[in-house]
Each structure stands twice: as C-alpha cells, then as structure tokens.
Amino acid sequence: MQKRREFLKKSGLFLGGLGIVTHYAFTLHSKKKKLGVCLVGLGNYSSTILAPALQRTEHCLLTGIVTGSPEKIPVWQERYDIPDKNVYNYQNMDSIADNPDIDVIYIVLPTGLHAEYAIKAANTGKHVWCEKPMAKTAKECLAIIEACTKNKVKLSIGYRMQHEPNTQQVIQWARTKPFGDIKKVKAEVGFNIVNPPNNWRMDAELGGGLLYDVGVYAINAMRYTTGMEPISVKGHHENSRPEVYKEVPETSIFEIDFSNGIKANGQTTASRSINILQADCEKGWYRLQPFQSYRGVKGEASDGMLLDTYIENQQARQMDDDALAILKDTPVLVPGEDGMKDIVVVEAINESARTGKPVRLS
Ligand code: NAD
C-alpha cells in the first residue's frame, strides 16, 4: 500500500486523482443538491398545501407549473419566482423533456386524469410523483408503472401518511408484533360533508367519490398495519342523500380478509366525521386517532404507550424523502405497485357492491 502511495505521489497521480474525485463529487453534489419540481394542476392541494410545503423542503425547489388556467400564471410566477420558460399548459407539457430546471413532474389533477398525465410525464424522461389515489383502475395504474419503467424514471405515490412517524411506528409493528399476532384491524375515515363540492369529486368519470378520495387511506392503512395483502373483499354502498350523491357513493363499507386469518373492517363516508385506525392483537391493541390528517396524527397502545411524535409538515417530509430516493438512487417509500394494490381493492369493493358477493383476489 505504502509503495503504491509513493508511486502515485511521485507520478503526480495521487493529488491529481484526489482533485478529480473532489471536483467530480462537488459538481455532482452542487448540481443535484435540490431537485426542480413542476406541479401539474394548480387546484386546492397544489396551491394551499404542496407549493407552501415545497418552500419548507431541504431537497426540492418549485421550479415549474403546468396549468390550463392562464389567470393563475402571473400569481404563481410572482409568488414563487417562476420564469416564463418554466410555465406550461396541458398541450405543450411534453417539451418539459428539454428543460434542465425540472427534475420531477408532480401530478395533482383529478384522479380520472392521473394516468394520462403521469404517462405524459414519464415520457418526458423526468421522475414522476403522482397524487393518491393513483388512478381510476388497476389497468391505468399498471400503464403508469410501465411508462415509468420504460423511461427509467422513479415513480412515487403521494401517500403522505407512510412518511409520518407515528404511522411508521405502526408499520414497523406489523413486523415486530409487540402485542403478538394481529387479529383484527379497523380503518375508518369520513367527514360530515354538508355541502358537497360541485366539481369532479362528485363525478364518477373523473374518479370522484369518497371511496377513491379517502377510502384508499383506509385500504392502504389495513395493508401497512398488517403487512399483508388482501385475499377476499366484500363491500356495499349506502346513500342517505340520493338527490345529492347521484353518481358516487356517499358511504362505502367493506370487510377484507388477509392471508393469515386477519379480518379488517373499513368504512368511508361523507355523512359523519370518523378517523380511526385500530389493530387488535393477541395481547393488546393500538390505535391512531386521527390516523389520516395533515396534522396531529396521534395514538396510544393498550400498555399506555403514546404514539405522539409531532412533525411540522408531512408533505415537506414526503417530498424530501422522495427527492432523496432520486438523489441517492434508492427505492422510493411508496412505489406505484403500492398505489395499484389499493385500486385493485377499490375495484373489488365496487364489484362486490354490484354483485352482492365477495371478490377473491389472487
Ligand atoms: P382541485 O379540484 O382543487 O384541483 C384540481 C385541478 O385540476 C384544478 O386546478 C383544475 O383546474 C385542474 N383540472 C384540469 N383538468 C381538469 C378537468 N378536466 N376537470 C377538473 N379539473 C381539472 O382538486 P385537489 O383537491 O387539488 O385534488 C387534486 C389531486 O390531489 C387529487 O388526486 C386528490 O386526490 C389529491 N389530493 C391529495 C391530498 C393528500 O393529502 N395527499 C389532499 C388533497 C387532494
């Protein structure tokens, strides 16, 4: 080794080599320190949550926007210092391919449009973040995954709960089983929506309805709490306001059997406020209540342990985690396959509601 060093020193390769390595590492680091993120769809979630959260990230910068609403452009440009060359519409967003300011395209559109635009995004060669629910059908989800694989870009689904520390404790307990085997899981999320919005959330074609919008949180929670996959799904819909909920269900109730005998009960509704995830185990229980909210996710266990770690901003953490997976080329926390498995269950709940029979999943 000593001889090798001396040889390198004498030949000048030692310092020179180090110099090259240092310079290379510095260029790579400085170039890729923060990823440029382009938001597609400047609706409520983008404008009130994601854009402000991006300002609080360590590894992301809001560098671009895609919008079909010209009146929003000057407001966003001024607020977030976005140059003209980084402003796109739905027709010309393909040319993001040539924009070095943008590393990630984040799809924040109505659910029924996720597949079309996530595939467009993947074809630009940029990494793709796609809001939950991933898409309307499992077939669409698969098409998104295939487009990302073909273009060799990373795909993350915006399930922010999996980035939240109390939820991560529950996810870990699926493996470590501190209260013995899990026997039963309950995951319910609902809101007392007196005046439903008059928009795509009430439109079946665009992927509206509570089951898609927040039911996927309950399904995702059942899967991460058990660490298992569903084998059988039974579901039905209820509607106390047929004059309002004309196209999409007001309430969906579902029972899911998991592979090792665990039974899970779920519910999602627009008629009352509920927000609970509970696991009943051989020797105790634990719950998060609320388990799905922007702030204040907290819980407790039957032995008195509190699950009350606080984080300031879930979405900033989610986007930083996803950015680091790109920067370090490591697996993302919530890949497309995870988003797709929930949509398989949503489709099974709808099929069971239609036929009155349980749907077996392979
Ligand atoms: P929104 O209605 O406020 O915004 C939707 C945006 O899409 C608008 O800017 C609208 O102009 C645009 N749009 C483009 N084409 C459209 C069309 N054909 N019809 C209707 N709108 C069209 O919705 P949102 O609350 O911002 O939700 C957007 C996405 O974000 C959804 O997938 C939703 O599930 C998801 N979301 C996720 C969270 C979360 O906590 N992860 C929270 C809210 C919303």
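In listed order, ligands and their atoms are each counted from 1.
Criterion: ILVMFWY side-chain heavy atoms under 4.5 Å apart, direct or through other members. Under it, Val87 and Ile96 are not part of a common hydrophobic cluster.
Among residue pairs with one or both ends in residues 260-298, those qualifying as ring-ring contact (aromatic ring centres under 6.0 Å, His included) are Trp173-Tyr286, Phe179-Tyr286; sequence neighbours excluded. Listed by first then second residue, pairs satisfying ring-ring contact (aromatic ring centres under 6.0 Å, His included) with a partner in residues 71-106 read Trp76-Tyr80, Tyr90-Tyr117, Tyr106-Trp129, not counting sequence neighbours.
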(Q) Evaluate Asp322 against Lys154 for salt bridge (charged side-chain N to carboxylate O under 4.0 Å, His left out), listing each step before the verdict. (A) CA-CA 9 Å; Asp322 287 339; Lys154 286 200 192 283; over 6 Å; no
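Using a 4.5 Å heavy-atom threshold, the side chains of Ile276 and Leu288 count as separate.
Protein residues having at least one heavy atom under 4.0 Å from any atom of ligand 1 are Leu42, Gly43, Asn44, Tyr45, Lys72, Tyr90, Val108, Leu109, Pro110, Thr111, Leu113, His114, Glu131, Lys132, Pro133, Gly158, Arg160, Trp200, Arg201, Leu206, Asp213, Tyr217, Tyr294, listed by chain and number.
Considering only residues two or more places apart in sequence or on other chains, Arg354 meets the salt bridge (charged side-chain N to carboxylate O under 4.0 Å, His left out) condition with none of them.
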